[in-house]
Amino acid sequence: MKITVIGAGYVGLVTGAVFSEKSHRVLLMDNNEEKVAELTAGKVPISEPGLDVLVKKHLKGGSLQVTSDIRKATQFGEIIFICVSTPTSRDGRADLTAIENVARNIGQNLKRYTLIVEKSTVPAMTGDKVRQVLQRYCKNGNKFDVASNPEFLREGNAVYDALNPDRIVLGVESKRAEQILRKLYKDFSAPIHVVDIKSAELIKHASNSFLAMKISYSNAVAAICEKLGADVEQVIKGVGLDKRIGPGFLKAGIGWGGSCFPKDIAAFYTLAKDVGYNFRLLREVEEINEECRARFIKILLEELWILKGKTIACLGLAFKQDTDDVRSSVAIAIIEDLLKQGALVRAYDPAAEENARKVLGDSVVYCDSAEEAAKGADALAILTEWPQFVKLNFKKIRKILAHPLIVDGRNLLSSQNVRALGFKYRAMGRP
Ligand code: NAD
Ligand code: UGA
């Protein structure tokens with residue numbers, strides 16, 4: 001099938017690459033000329049396991065092409081996926097400027113029946129707005145359908161998730177749209193859940209909010225464990241063994257960040273408010289998340305008393321492992337808190353330094369390894385759950401640090417192992 005993907009970010013680029021891999025022809029469009037030039041030259045602008053190989057293979061083979069020309073993009077695909085950004089506005093609502101802009105441009109350039117699919121995360125009822133905009137700008141009477149096909153991939157796992165989704169949600173309003181999307185996804189083994197457009201939009205917000213709620217639940221339990229001297233890792237393992245609860249998304253620590261959970265929860269809360277429901281549970285989910293950061297800083301204060309002038313070696317800048325993305329990263333927020341208190345920060349991240357520099361500038365010392373970051377530091381803080389941090393040479397790090405203190409914001413290490421090496425080890429909700 002011929003597919004247009006508008007927006008070549010984490011979702012659009014992965015979607016384009018994955019559909020190319022499934023033998024479709026894809027034209028990827030982005031209004032960021034620099035990004036288009038980079039991609040055209042075969043350079044993948046984000047760090048995502050497996051993406052580089054896939055994109056290069058299909059760019060070379062010609063099944064994946066890139067453009068900044070919206071007219072060409074609109075007229076290429078029998079399906080157009082909208083994958084542009086939907087950031088948070090100041091009032092918490094999703095800023096849908098890019099969605100409106102793309103819908104308008106598509107409307108102006110439509111030449112034949114086309115299925116226009118929202119893949120960006122949008123509040124319920126956006127599909128109606130997109131349809132209205134298309135009707136307004138599509139003057140030549142061309143037919144189209146609007147559909148919603150929310151994306152559930154995780155960064156750091158994006159290619160795998162896009163190729164192996166748990167489910168495929170199709171929000172449609174015509175048999176024709178359903179048939180086109182079923183044909184597109186016929187080689188995927190996931191169950192297909194067909195609903196109306198607003199239900200599809202709601203499924204996405206409700207899923208992200210639920211996942212964030214699970215994490216906040218664990219973090220609240222961790223706060224109680226801290227007071228009682230219990231171990232949240234053990235408690236949550238016991239909880240997650242119940243098949244009705246499941247073990248996923250219960251890892252306690254400094255909380256959730258990233259480009260999606262914070263904005264999607266805010267957008268879902270405001271959507272509920274706009275339609276007359278006070279979704280207060282989501283406010284609690286956010287508040288518990290904020291508290292984690294404060295609890296982490298409190299541990300450092302308990303250990304070091306005064307942070308001013310102290311050097312903290314921070315391992316991790318990305319919002320999670322296996323990504324270079326620092327959008328709403330809790331690691332960055334904690335580093336900013338430390339800097340505000342006058343601490344000196346030496347930071348190391350395997351992939352996110354370049355993006356972190358755009359936020360933190362030269363306010364921290366960027367290091368090429370964990371050992372370098374640890375040099376002379378008063379404490380080692382683990383802020384991102386990179387698996388390679390578990391395998392560090394802690395014997396060596398013990399000698400490099402000025403004081404053998406580890407504050408593990410991701411509950412990544414075995415307390416037994418590091419204590420055996422002579423460290424003082426503090427973690428989140430663990431004795
Ligand atoms: P992103 O910022 O990485 O990419 C968005 C891309 O859209 C950028 O390259 C930008 O240049 C382009 N763009 C913006 N306005 C445009 C316009 N008018 N015309 C053409 N291109 C335009 O964002 P992302 O992380 O890929 O997220 C995109 C959407 O997908 C968001 O709604 C997000 O919530 C949702 N989503 C993201 C993820 C994720 O893991 N990142 C997962 C599922 C859903
Ligand atoms: C999340 C969802 O998992 C995806 O299904 C969804 O498609 C995506 O948002 C989106 O809509 O953009 P993502 O934000 O990429 O994916 O990454 P997650 O693995 O969900 O992690 C989010 C945050 O939660 C990270 O900061 C991570 O460190 C934290 N986390 C995750 C925990 O603190 N504990 C956990 O048990 C899991």
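Counting starts at 1 for both ligands and their atoms, following the listed order. Throughout, residue positions are numbered sequentially from 1 according to the sequence presented.
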Option with minimal heavy-atom separation from atom 27 (C) of ligand 2, where the choices are R327, H205, K263, E385: E385
Closest candidate by heavy atom, reference atom 29 (C) of ligand 1, pool T86, D161, V84: V84
Lys/Arg N to Asp/Glu carboxylate O, E303 vs K424, below 4.0 Å: yes
For atom 39 (C) of ligand 1, which candidate among E155, E151, K35, E34 holds the nearest heavy atom? E155
Are the charged groups of E336 and K340 less than 4.0 angstrom apart, N to O? no
Could you see which bit of C260 sits under 4.0 Å from ligand 1, with heavy atoms only: side chain, backbone, both or neither? side chain
When you look for heavy atoms under 4.0 Å from ligand 1, do you find them on the side chain of P150, its backbone, both, or neither? neither
From the options G257, A331, A318, S216, select the one whose nearest heavy atom is closest to atom 23 (C) of ligand 2. G257
Of the backbone atoms (N, CA, C, O) and the side-chain heavy atoms from C-beta on, which set of I70 has a member under 4.0 Å from an atom of ligand 1: side chain, backbone, both, or neither? neither
Which option out of T323, N31, V14 puts a heavy atom nearest to atom 22 (C) of ligand 1? N31
Any Q321 heavy atom less than 4.0 Å from ligand 2: no
Which is closest to atom 11 (O) of ligand 2 in terms of heavy atoms, R410, K320, K204, R154? K204
Which part of I6 is near ligand 1, with near meaning a heavy atom under 4.0 Å away: side chain, backbone, both or neither? side chain
Short version for E48: what comes under 4.0 Å of ligand 1, heavy atoms counted, is neither
